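Computed from a predicted model, the values in this text were never measured in an experiment.
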Amino acid sequence: MTEGKHKITGERVNAEHLVGVEGVDIHAYCCPGCGYPLQLCSYRPTNKNRAHFRETAGHSLSCMLLMRARVLLRKKEKAATKMGERYQLVSKLIIRATKPEEKTPEGEEQGQDPKSTAGTTSNKTAPERAAPTNRVTTLFENIVDDFLDFHEERHLSPLSVPGVLGDKYHTVFAKIKAPAAADYRDTKIYYGELLFSQKPTMQNGFIEIPLAIGTWEIDPVDKRKKLKDALIVRVDFNGAESRRVNQAMHSLEITRIEQIEQFENRDIKKDNKPKGYAFFLGRYIDGRGIVVDSPNLICFRCTEIQMPEFLKK
């Protein structure tokens with residue numbers, strides 16, 4: 001499982017958001033659907049597997065996540081879904097701005113009443129405020145996973161995302177195809193193949209992630225195709241915690257490792273091998289390129305993206 005709920009606070013969290021968190025309690029989470037205990041696994045930055053929750057007991061028969069797994073199994077086996085077995089996809093992404101944190105002025109302890117401090121002066125500076133950041137209360141990863149797992153329901157299942165005109169999964173999501181960044185001025189959940197031959201860079205509070213989309217040219221020396229002017233996605237980390245930067249980079253590296261393992265798997269045909277993709281809520285901004293406003297609005301998956309039958313006809 002990739003999602004868990006804190007037993008005390010009730011906060012739902014993706015396991016990848018707990019990577020590198022100091023003092024995390026690996027037994028403090030339970031199933032969001034039925035409350036059965038979970039154990040956090042692969043949460044250290046040195047782990048080469050994607051962070052996840054392991055079940056330590058059986059789910060309740062009425063658990064929606066158990067229902068989801070059953071429906072997916074039947075879809076994989078191409079068997080008819082039983083009466084009453086239906087999973088409802090996530091229908092709304094909720095984004096709220098967190099309150100700016102106050103920074104205590106130098107020489108003043110937290111919780112201390114400034115009026116009672118001896119030796120105070122009248123020219124004391126006001127508390128500084130950090131820039132507000134976006135907090136996603138509906139896990140962005142859940143929407144992406146539903147898009148990937150239930151491809152036949154994309155044109156039927158409603159999905160509301162702030163700033164996006166579409167109201168269904170197949171109109172909210174869009175694949176990046178053209179190399180021109182200006183073609184993506186509309187805010188959508190875009191997805192594109194990652195370019196692992198080029199490392200991401202960090203500049204001025206942004207992480208620049210290259211995609212395998214651009215102009216392909218044949219190198220005159222080795223006669224191989226090489227990508228020129230790769231499309232870049234810029235993720236804004238200004239105001240975000242440093243651990244979110246590390247978690248995003250860790251997830252990107254895990255996706256690269258998973259793709260290598262899939263390409264080395266001889267049991268999978270070459271055309272069907274999963275590839276690494278970036279999924280993000282963003283848009284093109286003049287002079288800045290394709291921008292993602294928060295690290296909470298991007299995730300990485302090594303997967304094979306299937307198209308629904310109605311689009312193949």
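Residue pairs meeting the salt bridge (Lys or Arg N to Asp or Glu O under 4.0 Å) criterion with at least one member in residues 164-176: none, sequence neighbours excluded. For residues 197-214, the salt bridge (Lys or Arg N to Asp or Glu O under 4.0 Å) pairs, not counting sequence neighbours, are Glu208-Arg234. The ring-ring contact (aromatic ring centres under 6.0 Å, His included) pairs that include a residue from residues 186-214 are Phe147-Tyr191, Tyr184-Tyr190, Tyr191-Phe279, where partners are two or more places apart or lie in different chains.
The closest side-chain heavy-atom distance from Arg54 to Met1 is not below 4.5 Å. For the pair Tyr36 and Leu65, the minimum side-chain heavy-atom distance is 4.5 Å or more. For the pair Thr201 and Ile207, the minimum side-chain heavy-atom distance is 4.5 Å or more. Under the 4.5 Å side-chain criterion, counting only non-hydrogen atoms from C-beta, Leu93 is in contact with Val161.
Checked against a 6.0 Å centroid threshold, the rings of Phe53 and Tyr29 count as neighbours.
For the residue pair Thr2/Arg50, the side-chain donor-acceptor check at 3.5 Å is not satisfied. Side-chain atoms of Arg12 and Asn142 include no donor-acceptor pair closer than 3.5 Å. In this model, no donor atom of one side chain and acceptor atom of the other lie less than 3.5 Å apart for His52 and Glu16. No side-chain donor-acceptor contact under 3.5 Å links Arg256 and Gln259. Side-chain contact of Asn47 with Asn49: a donor-acceptor pair under 3.5 Å is absent, judged by distance alone.
Using a distance-only test at 3.5 Å, with no hydrogens or angles considered, no donor-acceptor pair links the side chain of Lys275 to the main chain of Ile305. Remark: the backbone N or O of Tyr277 is not paired with any side-chain donor or acceptor of Glu193 at under 3.5 angstrom. A donor-acceptor contact shorter than 3.5 Å is absent between the side chain of Asp146 and the backbone of Ile143. A donor-acceptor contact shorter than 3.5 Å is absent between the side chain of Glu11 and the backbone of His6.
In terms of heavy atoms, Ile213 sits closest to Gly192 at CD1-CA, 4.3 Å. Contact detail for Thr187 and Gly163: the closest heavy-atom pair is CB-O, 3.6 Å.
None of Ile209, Ile290, Val144, Leu297 except one satisfies the side chain to side chain contact (heavy atoms under 4.5 Å, CB included) rule with Phe280; the exception is Ile290.
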